[in-house]
Amino acid sequence: MPRLLIIEDEKNLARFIELELNYEGYEVKVCSDGRSGLQLALSEKWDAILLDLMLPELNGMEVCRRIRQTNKTIPIIMITARDSVLDRVSGLDSGADDYIVKPFAIEELLARLRSLLRRVEAMASVEPTVFTYKDLTVELESCVVKKGEKIINLTKREYDLLVIFMSNINIVLTREVLLNKVWGYSTGVETNVVDVYVRYLRNKIDNQNEGSYIQTVRGTGYVMR
């Protein structure tokens, strides 16, 4: 039975989601403030977290960032009434996997949750893998990136982007493909965000006096070769 943590300060909404998830067969625990929610998120094992953006004591973005410092893989769906593109991008950049705006249909939330859990299950069914390219190494099981013997600290988006490149050596990837694989089409993020994150990634992995690991294919996208 999947275990879910809901961090939401609107008690009626939290209770409604809890009852619906219980009915669907999930084990659910609810927390109403960010600080306690963060403590629960880090101290127990969860299959997914539903996280409100506006929380007392510690806001949802900060909770998400702190969770990602120790756990880069747990699915996090951010729930909020703020629906601007900037808010969605900020939520996703803090480490959330998906973003849903209040008010929402419970069927949509359940579908997004099932999709994320399927993705995690599919990844878990694959044997632990290590990707290598030149002096770069990505250890998928531990989410560790190394350049030689030095560990490179990446954000979740940077890490996901690097994994896509290193699992597709010599394959040209369009911005649309990268956006779909790393952010998902439903996020409302523009393709120029891909360019921004490729630049972030290059700044962390490239050697100053050598060519970039990731090459730009003009008018198309990027390739690692």
Side-chain angles (χ1 to χ4, degrees), residues 2-3 5 38-49 51 61-78 89-98 115-171 173 177-184 187 189 193-215 221-225:
R3 297 189 74 232
L5 175 62
L38 176 62
Q39 185 177 0
L40 268 175
L42 298 179
S43 63
E44 298 186 27
K45 181 174 175 57
W46 306 100
D47 294 291
I49 297 174
L51 175 63
M61 286 191 188
E62 184 60 26
V63 171
C64 193
R65 278 192 288 265
R66 294 192 190 185
I67 292 172
R68 286 295 180 227
Q69 289 174 0
T70 59
N71 190 325
K72 295 185 182 297
T73 59
I74 185 171
I76 298 176
I77 299 179
M78 194 162 281
V89 170
S90 297
L92 294 166
D93 283 350
S94 69
D97 295 280
D98 205 349
S115 176
L116 284 174
L117 291 176
R118 282 196 302 269
R119 188 188 309 171
V120 172
E121 184 178 359
M123 291 176 64
S125 65
V126 178
E127 290 296 319
T129 305
V130 175
F131 289 137
T132 58
Y133 175 70
K134 296 184 179 179
D135 59 345
L136 287 178
T137 303
V138 177
E139 300 172 1
L140 294 184
E141 187 176 33
S142 58
C143 297
V144 170
V145 177
K146 293 181 179 179
K147 184 172 181 180
E149 295 301 317
K150 179 184 177 183
I151 293 178
I152 305 295
N153 293 315
L154 302 179
T155 67
K156 182 178 186 299
R157 300 294 173 190
E158 293 164 353
Y159 172 83
D160 290 344
L161 195 59
L162 180 60
V163 169
I164 296 302
F165 280 123
M166 292 189 67
S167 58
N168 291 277
I169 298 296
N170 295 322
I171 297 175
L173 301 169
V177 167
L178 292 169
L179 187 67
N180 183 38
K181 288 181 177 293
V182 178
W183 284 267
T187 62
V189 178
V193 170
V194 174
D195 301 325
V196 173
Y197 274 82
V198 167
R199 185 170 70 250
Y200 291 162
L201 187 56
R202 282 170 168 167
N203 288 339
K204 292 185 177 181
I205 66 174
D206 283 354
N207 297 314
Q208 206 168 30
N209 299 320
E210 298 179 10
S212 177
Y213 291 92
I214 303 167
Q215 299 174 23
Y222 299 94
V223 61
M224 183 174 270
R225 65 186 173 198

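The shown structure was predicted, so the numbers you read here are calculated from the model rather than taken from an experiment.
Rounding to the nearest 0.5 Å places CG of Leu161 at 5.5 Å from CG of Leu201. Considering OG of Ser115 and CG of Asp98, their distance stands at 7.5 Å, rounded to 0.5 Å.
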Under the side-chain contact (heavy atoms from CB on, under 4.5 Å) rule, what do Ile76 and Arg68 come out as? Steps first, then yes or no, please. CA-CA 10 Å; Ile76 298 176; Arg68 286 295 180 227; 3.7 Å; yes

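The stretch residues 144-153 participates, sequence neighbours left out, in these salt bridge (charged side-chain N to carboxylate O under 4.0 Å, His left out) pairs: Glu139-Lys146. The list of salt bridge (charged side-chain N to carboxylate O under 4.0 Å, His left out) pairs with a residue in residues 151-160, not counting sequence neighbours, reads Asp97-Lys156, Lys156-Asp160, Glu158-Lys204.
For the pair Cys64 and Leu51, the minimum side-chain heavy-atom distance is below 4.5 Å. Contact check for Trp183 versus Val194: side-chain heavy atoms found under the 4.5 Å cut-off. Side-chain contact check for Asn153 versus Ile151: some heavy-atom pair is nearer than 4.5 Å. Taking 4.5 Å as the limit, every side-chain heavy atom of Phe165 sits out of range of all side-chain heavy atoms of Val223. Side chains of Leu178 and Tyr197 form no contact here, defined as non-hydrogen atoms less than 4.5 Å apart. At a threshold of 4.5 Å between non-hydrogen side-chain atoms, the residues Val138 and Leu162 count as touching. Looking at Thr73 and Val120, their side chains never come closer than 4.5 Å, going by heavy atoms from C-beta outward. Between Ile77 and Ile49, the closest side-chain pair of non-hydrogen atoms is not below 4.5 Å.
Of all heavy-atom pairs between Met78 and Ser94, the closest is CE-OG, 3.8 Å. Minimum heavy-atom separation, Leu140 to Phe131: CD1-CE1, 3.8 Å. A pairwise comparison of heavy atoms in Pro2 and Asp47 identifies CA-OD2, 3.2 Å as the closest pair. Across all non-hydrogen atoms, the minimal contact from Tyr213 to Asn207 is OH-ND2, 3.9 Å. Of all the heavy atoms in Ile67 and Leu42, the pair that sits closest is CA-CD2, 4.1 Å. Considering all non-hydrogen atoms of both residues, Met224 and Met166 come closest at SD-CG, 3.6 Å.
Using a distance-only test at 3.5 Å, with no hydrogens or angles considered, a donor-acceptor pair links the side chain of Arg202 to the main chain of Ile214. A donor-acceptor contact shorter than 3.5 Å is absent between the side chain of Asn168 and the backbone of Ile171.
For Tyr159, the side chain to side chain donor-acceptor pair (under 3.5 Å) criterion is met by no residue, not counting sequence neighbours. Here Ser167 pairs with nothing under the side chain to side chain donor-acceptor pair (under 3.5 Å) rule; sequence neighbours left out. A search for side chain to side chain contact (heavy atoms under 4.5 Å, CB included) contacts involving Glu62 returns Leu58, Asn59, Arg65, Arg66, not counting sequence neighbours. Lys181 meets the side chain to side chain contact (heavy atoms under 4.5 Å, CB included) test with Ile164, Val177; sequence neighbours excluded.
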